[in-house]
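Worksheet: the structure to be examined is printed underneath.
Letters A, B, ... are given to chains in the order of the sequence lines, protein chains preceding strands, and every chain is numbered from 1. When reading the values below, keep in mind they use all heavy atoms of this one structure, side chains included, and skip hydrogens, waters and symmetry mates.
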Amino acid sequence: MEASLERREHYLNVSYGIKSWLLTTDHKRIALLYLATITLFFFVGGAFAVLMRLELITPKGDLVSAETYNKLFTMHGVMMIFFFLSPSVPATLGNFLVPMMIGARDLAFPRINLLSWYVFIFGGVLGLGAAAMGGVDTGWTFYTPYSSTYSNSAVVLTAVGAFFAGFSSILTGLNFIVTIHKMRAPGLQWFRLPLFIWAHYATSLIMILGTPVVAIAIVLVALERLFRIGIFDPNLGGDPVLFQHLFWFYSHPAVYIMILPAMGVISEIVACFSRRRVFGYRFVAFASLSIAVIGFLVWGHHMFVSGQSIYAGMVFSFLSFLVAVPSAVKVFNWMATMYKGAISYHTPMLYAFGFLGLFTVGGLTGLFLATLAVDVHVHDTYFIVAHFHYIMVGGTVMAYMGGIHFWWPKITGRLYPEAWGRFSALIVFLGFNLTFFPQFLLGYLGMPRRYHAYPEEFQVLNVMSSAGASILGIGYLIPMIYLIWSMRYGKPAGDNPWRATGLEWQTSSPPPTENFEETPLVTAPPYAYAKEEEEATVVH
Amino acid sequence: MWTDFPLFPERASTIAGGVDRLYFFLVAVGALFSIAIFITIFVFALRYRRRHEDQAAVPFHGSTTLEIVWSVIPLLITMVMFGWGASLYFQNSRAPDGAIEIYVVAKQWMWKLQHPEGAREINELHVPVGRPVRLIMTSQDVIHSFYIPAFRIKNDVLPNRFTTAWFEATKTGRYHLFCAEYCGTQHSGMGGSVVVMEPAEYEQWLSGGPVGESLAVAGERLFRRLGCTNCHSPETKGRTRGPLLGGLFGKPVPLLDGRIVTADEAYLRESILNPRAKVVAGYAPEMPTFQGQVTEENLVELIAYIKSLRR
Amino acid sequence: MSTSTNPVLPAHHFDDLQQQHEAAQLGMWVFLITEIMFFGGLFAAYTVYRSSYHQAFGAASRHLDITLGTFNTVVLIGSSLTMALAVHAAQRGRRRAIIGFLIATILLGAVFLGVKAFEYTHKFHEHLVPGHGFQFPDAALARPAELYFGLYFAMTGMHALHMIIGIGILLVMIRLAARGRFSAEHYSPIEVTGLYWHFVDIVWIFLFPLLYLIERHQ
Amino acid sequence: MNQPGHIVPLRVYFTIFGALMVFTALTVWVAYHDLGNFNIVAAMTIAVAKATLVVLYFMHVRYASRLIWVVVSAGLVWLVILLSLTMSDYLTRFAAV
Ligand code: HEA
Ligand code: HEA
Ligand code: CUA
Ligand SMILES: [Cu+2]
């Protein structure tokens with residue numbers, strides 16, 4: 001097997017050299033370019049988090065100055081949201097898998113795909129450049145008038161960086177939508193698509209419909225800083241709350257950009273390692289779409305105490321509860337998929353367990369925040385910080401890690417070391433909860449977020465949180481090391497080590513440049529894991 | 001340090017109890033579902049673990065009944081959350097009559113608080129226990145947020161606009177006052193405390209402190225100095241160019257364009273800064289804007305003066 | 001999108017020209033709805049402020065030159081017509097006509113931008129550009145009027161930027177057409193460019209009444 | 001959206017252009033009449049009519065597949081969501097509690 005891996009031509013060895021990577025239009029190589037870059041951004045963002053947690057060990061602001069601290073959480077948020085989590089699953093796993101799962105040779109616009117990576121890199125360079133030039137201190141939310149008039153940090157540079165990251169995600173979303181509509185293999189009807197594809201379709205809708213609005217909001221802030229065209233300037237009678245509307249019109253749906261693809265990953269993993277078709281396939285598929293659509297109607301829940309009309313607040317609260325229902329449907333369907341399954345404890349499945357539990361906690365605490373009277377108290381406290389890390393780190397990052405492990409054999413042709421995988425999944429889970437659970441308590445106690453120094457009675461919980469963060473950091477470093485190691489030394493995986501059913505597993509690992517030797521013909525729904533279904537799925 | 005280790009915030013206002021009850025309900029629902037889901041994961045993972053490589057799962061693919069059940073039940077639960085949360089919020093957003101009115105002016109990075117009697121404080125607010133207090137808040141620069149955890153209240157404080165909040169303290173003591181909206185370098189230092197006192201003590205504090213003149217008196221002086229009297233003075237009866245302002249506060253005002261608005265603080269503020277936005281029926285839009293000539297504190301004084309005018 | 005050197009063969013990852021054509025068209029439409037939302041943010045800001053400051057908006061609007069605005073509207077719609085004719089020519093595979101109509105479109109676009117530039121300089125001399133030097137005759141309305149002009153420059157500026165990009169694309173199309181890349185079977189780049197150009201026209205169709213025609217009767 | 005696409009007769013393009021010119025004149029003319037709140041309604045109605053003509057004929061949506069129709073309407077629906085929910089705040093912000 002070892003030998004065959006080298007002899008056979010596949011996308012990794014068709015050509016060598018930097019140029020063959022930087023000018024590639026192969027969606028699989030572009031996915032790896034993205035993987036490398038967002039990993040970098042994750043560790044940069046993580047390093048900022050480490051420094052913050054170190055500062056917060058003591059109540060006094062002694063490690064870094066207040067100014068530095070403000071820059072730390074801003075750049076942590078910007079890096080993590082715009083440059084790591086939003087592109088995480090879609091730009092890496094999505095780029096790699098969307099064409100393969102639908103039996104296409106590439107995305108519809110391969111060169112636009114490459115362009116999207118360059119746009120992303122350009123934005124990232126601006127973001128990092130802003131960090132190098134002293135950083136920004138507005139918070140990742142860029143609220144005016146602080147961002148437009150008062151802050152003297154590199155706001156424009158960072159904002160433009162975020163703008164380009166957004167533009168890159170528009171291009172990705174556009175590519176996915178066209179690809180999914182126009183490039184499906186013969187016989188691959190909509191209800192034969194894997195749920196991963198449904199999730200990415202829903203995500204792409206949000207990318208193209210929401211991102212432009214935050215783009216214009218960012219442009220307006222930049223215009224105000226550069227040319228004093230004060231659209232949000234209160235001195236002219238402009239309304240800073242309007243900026244918040246435009247910002248959250250995108251940034252709430254954006255949280256679903258960050259969770260939907262992760263949900264797609266979980267559907268694939270849970271089905272494969274329970275050897276069951278995903279329970280209630282159609283409901284899960286439609287849940288993705290309805291989350292994407294209803295998700296656009298709830299943005300005002302970030303503004304309950306912002307001076308927004310209380311009536312608008314009530315409308316937004318109501319709609320926020322509606323969006324929870326499809327999420328609940330999904331969780332229940334995954335649980336039902338495991339029922340009477342044949343469950344194995346491979347690393348991806350352990351991450352999926354983690355996802356299910358932590359997403360539930362994060363989502364349910366989201367309901368606390370959608371509840372008006374309670375949000376008045378917990379808004380802008382650590383309760384919020386805990387909520388979104390539970391969903392984004394406990395949910396999305398877990399699913400992302402699970403997905404990377406799940407498709408690692410497909411991507412590299414080699415297996416990662418299973419024991420290490422399980423061990424670090426456990427470390428991540430424990431470290432995570434120790435980091436972020438105390439923050440719920442801190443939040444209800446009233447500790448505001450974005451605080452560089454805090455009253456003494458909050459110290460114990462903060463120390464616990466910082467301790468957890470160091471464990472969590474280790475939990476992320478281990479996979480980083482063994483995954484890189486396995487690219488060279490891992491056991492050859494074979495084409496389909498998990499005996500999974502998706503189209504991507506029906507081709508060799510690593511796949512050839514054009515993905516399939518022959519365009520596959522699909523005749524049955526996905527996830528034919530049960531014995532009697534196995535035969536009828538794919539005919540070549 | 002390790003002895004003072006609270007896990008739950010103090011409850012010191014009339015609305016705190018209601019918010020906490022709702023919170024406990026949410027915690028109960030949340031815990032119920034989370035624990036149920038954690039246990040189910042464990043049970044399924046153990047009971048249905050794969051015992052040998054080729055084990056096949058029992059195939060079945062879905063059940064519309066189940067889907068309906070687990071959509072409708074969460075929907076009903078969330079509707080309870082919505083109804084409870086929204087009605088409490090609505091109740092809590094209306095201040096009772098007869099509240100003490102305290103003006104809050106926020107700026108990077110301090111709170112300036114002005115009592116109607118004239119006492120001014122910075123980063124510290126003294127209030128009597130058992131009396132509703134209404135805060136009328138504005139900012140001189142960026143957005144801040146007035147937050148007293150023990151009272152479970154919070155509201156953003158915006159430039160060029162009034163927002164309000166209210167509370168009625170139920171327990172004497174000293175509580176944290178935080179700025180909860182990120183406002184720049186010293187955001188975390190922009191705090192202080194609220195001191196809740198027995199009413200008698202409070203009276204004493206009011207008279208004992210460095211009492212300035214009351215807001216309304218200062219406002220009256222300004223009213224003359226800025227020349228408002230030229231157009232709004234009862235002395236020049238008969239030929240005043242602007243409407244008389246006595247008894248105006250709280251009354252409905254018919255406007256030139258047919259709308260009727262209530263003369264609240266926001267309206268008074270707008271009338272001074274942007275008089276053309278709402279022109280009173282029967283008058284010409286002659287009043288000049290005073291934007292740029294009056295500070296936030298001046299405005300507060302002018303408004304307190306106009307509010308103090310009786311018919 | 002026209003990856004292949006031989007114009008009649010589809011790019012390697014498409015099955016046939018039909019699929020490629022449909023993909024290009026859908027792609028452009030999807031891109032255009034992102035553009036709708038992009039301008040949508042500006043329209044939202046406009047709606048909010050116009051509803052709060054209708055007087056000031058009316059007064060400020062009367063400082064715009066309605067003749068130039070109307071003239072530009074006619075010019076831009078005219079350029080849409082020539083663009084549509086270019087697509088028509090492409091569908092018939094008439095290379096010379098394509099190039100001619102594209103050049104006409106560019107010229108009309110350039111006229112539009114020229115007039116716009118003239119209007120901008122005029123505003124500059126009248127001190128109606130937001131910022132330190134802003135002056136408005138009616139002092140009581142000066143601040144919201146500044147807001148209006150902020151929106152005016154942001155909206156027309158973004159629109160002009162889109163036109164400049166459009167002209168760049170048109171130039172590329174002329175080059176490709178001159179090299180004989182298009183035929184009656186393969187013309188989707190031209191068609192897709194046309195979609196973009198018409199979209200920019202539509203934005204102006206809304207900007208014109210919203211910015212120039214507020215309360216002209218006073 | 002068939003290949004090669006539907007070819008619209010030239011006459012249609014010129015008719016549409018003429019209609020757009022008429023609408024332009026109309027919108028300027030109507031702006032000089034005081035119709036109160038109806039001015040903005042008239043201006044927007046005319047603009048929507050013009051945009052519809054451009055979309056249907058110049059952009060060929062009239063002859064396009066269902067999918068394109070869906071895409072175009074999605075764009076409009078989302079624009080309406082943005083405007084209406086934002087205005088829901090501003091229109092009720094100062095209503096009495
Ligand atoms: C991936 C990211 C992500 C996701 C998916 C969510 C999902 C949700 N979020 Fe969260 N949120 C954020 C990221 C995310 N959020 C971030 C980053 C912020 C802060 C931004 C900032 O200010 O910096 C935030 C802030 C935030 C606020 C504003 C708080 C404030 O600032 O005052 C609110 C308020 O309503 C909210 C609500 C919700 C709700 C109701 C959901 C729902 O979609 C959750 C639905 C899921 C479930 C409900 C769990 C599964 C269900 C079950 C297991 C069954 C049981 C169910 C029932 C009984 C209903 N979120
Ligand atoms: C995708 C999103 C994402 C992710 C993955 C994370 C990950 C983490 N976050 Fe993040 N966080 C946000 C998104 C995210 N965060 C956002 C949006 C905000 C709001 C910002 C704002 O208010 O504007 C925020 C704010 C935020 C705060 C609140 C700051 C404040 O309000 O004052 C805190 C505090 O504990 C925190 C902690 C952490 C920790 C410990 C992790 C850990 O999970 C990180 C673990 C990873 C590592 C530890 C990296 C491993 C690397 C190493 C071990 C190498 C170390 C190298 C050196 C030290 C040189 N985050
Ligand atoms: Cu003031 Cu934060
Ligand atoms: Cu949200």
How about A:Arg282: does its CZ atom have over 12 heavy atoms from other parts shown lying under 6.0 Å from it? no
Within-4.5 Å side-chain heavy-atom neighbours: A:Val323 and A:Tyr256: yes
For chain A, which residues of residues 70-82 of chain D have at least one non-hydrogen atom nearer than 4.5 Å to it? D:Trp78, D:Ile81, D:Leu82
Please report, to 0.1 Å, the donor-acceptor pairs under 3.5 Å made by any side chain of residues 52-60 of chain D, with sequence neighbours excluded.
unit_1, atom_1, unit_2, atom_2, d
D:Thr52, OG1, D:Val48, O, 2.5
D:Tyr57, OH, D:Arg62, NH1, 3.3
D:His60, NE2, D:Tyr13, OH, 2.7

A:Val213, A:Ile208, A:Leu242, A:Val315: which one forms the most heavy-atom pairs within less than 4.5 Å of chain D? A:Leu242
Sequence neighbours excluded, which residues qualify as ring pair (Phe, Tyr, Trp, His ring centres under 6.0 Å) partners of A:His301? A:His252
So, A:Phe196 versus A:His200, ring centres under 6.0 angstrom or not? yes
Which bit of A:Phe249 comes within less than 4.5 Å of chain D, counting heavy atoms only: side chain, backbone, both or neither? side chain
For chain D, the option from A:Ile177, A:Leu205, A:Val241 that forms the most heavy-atom pairs under 4.5 Å: A:Val241
Qualifying salt bridge (Lys or Arg N to Asp or Glu O under 4.0 Å) pairs with a residue from residues 290-313 of chain A, counting only residues at least two apart or across chains: none
Would a line drawn from the ring center of A:Tyr201 to the ring center of A:His181 be shorter than 6.0 Å? yes
